[in-house]
Structures are given as C-alpha cells and as structure tokens.
Amino acid sequence: MSQQDAFYTLLTPKNVGKVILVGAGPGDPDLLTVKAMRLIQQADVIIYDRLVSDEIIAIFPPHCQSIFVGKEAGNHCVPQQQINSLLVKHALAGKQVVRLKGGDPFIFGRGGEELEALLPFNIPFEVVPGITAASGCAAYAGIPLTHRDHAQSVQFITGHLKQGQDQIDWLSLARAKHTLVFYMGLNQSSVIRHKLSAYGMSLATPIAIVERGTTAQQRVLTGELAQLETLAKQAASPALIIIGSVTLLSQQLNWFSQLENTVINIEQPLQCYS
Ligand code: SAH
C-alpha cells in the first residue's frame with residue numbers, strides 16, 4: 001500500500017462509493033451490454049482506456065467526470081499504480097466510479113489487479129463483462145472460432161511475450177483442429193510464426209489479421225502462416241491474429257465488409273478487405 005493509499009484508508013468515509021469494472025466491447029457501440037450502457041449513464045466518474053472507442057466516449061453523460069488513462073503498447077501513459085489510486089480516491093470520495101475497459105475487463109485487461117487494489121479499502125465493486133475482441137472481431141470478420149469441420153477448441157493467447165522467456169506451451173498450440181487467437185501479437189509475429197512452425201504447424205495454415213474489428217475502419221487481412229510477418233507489417237493496432245482453417249470461412253461469411261460494400265483483393269493468397 002502506498003503512503004497516499006494509507007492516507008485514504010484513514011479517511012475512509014461511511015458513505016464510500018463503488019467501483020464498477022465495465023467491459024466496453026471491441027468498438028462498435030451497439031455491442032455494449034444494456035447493463036454497461038445503464039451504468040455509464042449513472043456514473044459520477046468514468047476512468048477509461050485507449051481502446052474505448054470514440055463512439056462510446058460520445059455517450060458519456062455530460063454530468064460525469066471522465067478521466068483518460070490510455071495506454072499505448074509498451075508505453076503506459078498512466079502507471080497502473082496511479083490508475084489504482086484514482087479508483088480508490090474517487091470511490092472513497094463517495095463516487096460511483098465506472099472503470100471502462102476495451103473488450104472484456106477480465107481478458108488481458110488487468111481487471112483482476114484493479115479489483116485487488118480495492119480490497120484493502122473495503123470498497124465495494126461489481127464487474128460487467130464485455131464482448132472480448134476475439135468474439136467481436138471473429139463475428140464481424142465472418143470467422144466462426146469453432147466449427148465442427150475445422151476446430152473443436154479455441155485458445156486466447158497474449159502476444160506480449162518476452163523473447164526467450166515465454167511460458168507458452170507451443171507444442172499444444174501447434175496441434176490440429178485448434179483455433180488460436182493472439183491478442184497484442186503484431187510486434188511478435190516473427191516469434192509466433194517461428195515457434196508454431198518449429199513445433200509442427202504447417203506454414204500453409206490459413207491465418208487472418210483483423211484490424212480495428214467491429215468498427216467502420218475494420219480491415220481483414222488473410223493469408224498463410226508463412227506470410228504472418230508480411231501481413232503484420234501491413235496492419236495497424238489494435239489488431240488480432242487468428243490462426244487456423246476457420247479463417248478460410250471469412251471468404252464467404254464476411255457479412256460486415258459486404259455491408260460496407262468495399263471488398264478489396266490485394267493479391268492471392270494475401271487478401272485484405274475493409
Ligand atoms: N480486454 C480486451 C483486450 C485488451 S488487450 C478484450 O477483451 O478485448 C489489447 C489487445 O486486444 C489489442 O492489442 C488487440 O490485439 C486486441 N483488440 C482489442 N480491440 C480490438 C479491435 N477492435 N480489433 C482488433 N483487435 C482488438
């Protein structure tokens with residue numbers, strides 16, 4: 001507990017507020033849950049991340065105080081300890097605090113750590129799940145993450161790997177009929193390709209990268225595992241890497257890009273549509 005936090009403990013008022021950890025989904029505001037929408041409207045303070053889309057920021061109520069604590073990969077604008085202290089400070093001031101995070105707060109979102117920081121202060125909290133990027137991006141790219149003909153299991157993996165020090169069981173990832181979804185994987189595309197092929201995955205395995213999924217700027221790049229780095233270089237963050245033969249279905253099931261009517265084929269088998 002920091003000195004500042006210890007100070008707040010001494011001041012703990014009887015009318016302590018509450019922290020609600022809310023998932024904002026992957027971007028499309030229509031993917032907010034009804035509960036998330038209601039709690040955003042009732043918030044006194046909203047503390048939000050970079051991945052919360054502009055369309056969702058636009059629905060923040062005018063009466064509430066909004067605080068941006070966005071993080072860029074490898075460049076934390078506001079240190080985690082400071083975010084924790086902000087949550088504590090506003091809750092102890094009796095506020096209803098919505099901690100709004102992209103996707104689902106418990107999937108690569110440090111939601112657990114932020115709730116743990118509230119425990120010493122007996123601050124009440126709730127969690128509202130959100131649609132995680134894997135579900136949202138896959139749905140909008142027309143990629144069923146499981147499919148009886150293609151994959152009986154799916155795994156979400158963080159690409160935020162320290163080279164040579166990762167704890168990932170690459171052998172189990174490289175098995176057949178298994179869909180892989182890498183979050184934060186663009187910068188590690190070379191490690192991902194090398195490890196998967198070293199552990200037996202064919203370099204011809206179909207892959208897709210979904211950039212800014214579920215938003216009007218969504219782009220889907222498809223190809224084969226051998227092309228992962230080439231595709232990753234063409235993609236901008238936030239983006240998800242999906243590996244497995246389910247990605248082939250996107251060719252026919254990409255309903256969202258057809259809505260926009262902007263299918264662009266760059267070259268075979270590399271494809272990109274937005
Ligand atoms: N808690 C979030 C994940 C945070 S980690 C969730 O459940 O979705 C941040 C990573 O999520 C990004 O680097 C990217 O890999 C992925 N991501 C989040 N939103 C995305 C989007 N709209 N399109 C593509 N990838 C996204």
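Keep in mind it's a predicted model, so treat the numbers as computed, not measured. Order of listing sets the numbers, starting from 1, for every ligand and every atom in it. Atom set for the values below is all heavy atoms of this structure, side chains included, hydrogens, waters and symmetry mates excluded.
Linking ILVMFWY residues whenever their side-chain heavy atoms come closer than 4.5 Å, directly or via other members, leaves L253 and V210 in distinct clusters.
A donor-acceptor contact shorter than 3.5 Å is absent between the side chain of T132 and the backbone of S135. Formation of a donor-acceptor pair under 3.5 Å by the Q41 side chain with backbone atoms of I59 is found in this model.
Ionic pairing of D169 and K195 is not present here: no N-O contact between side-chain nitrogen and carboxylate oxygen is shorter than 4.0 angstrom.
Sorted by chain then number, the residues whose non-hydrogen atoms approach ligand 1 to under 4.0 Å are P26, L51, G102, G103, D104, I107, F108, T132, A133, C137, Y183, M184, V210, R212, G213, P238, A239, L240.
When the side-chain contact (heavy atoms from CB on, under 4.5 Å) test is applied to P124, the partners found at least two apart in sequence or on another chain are V16, K18.
No side-chain N or O of E211 forms a donor-acceptor pair with one of Q217 less than 3.5 Å apart.
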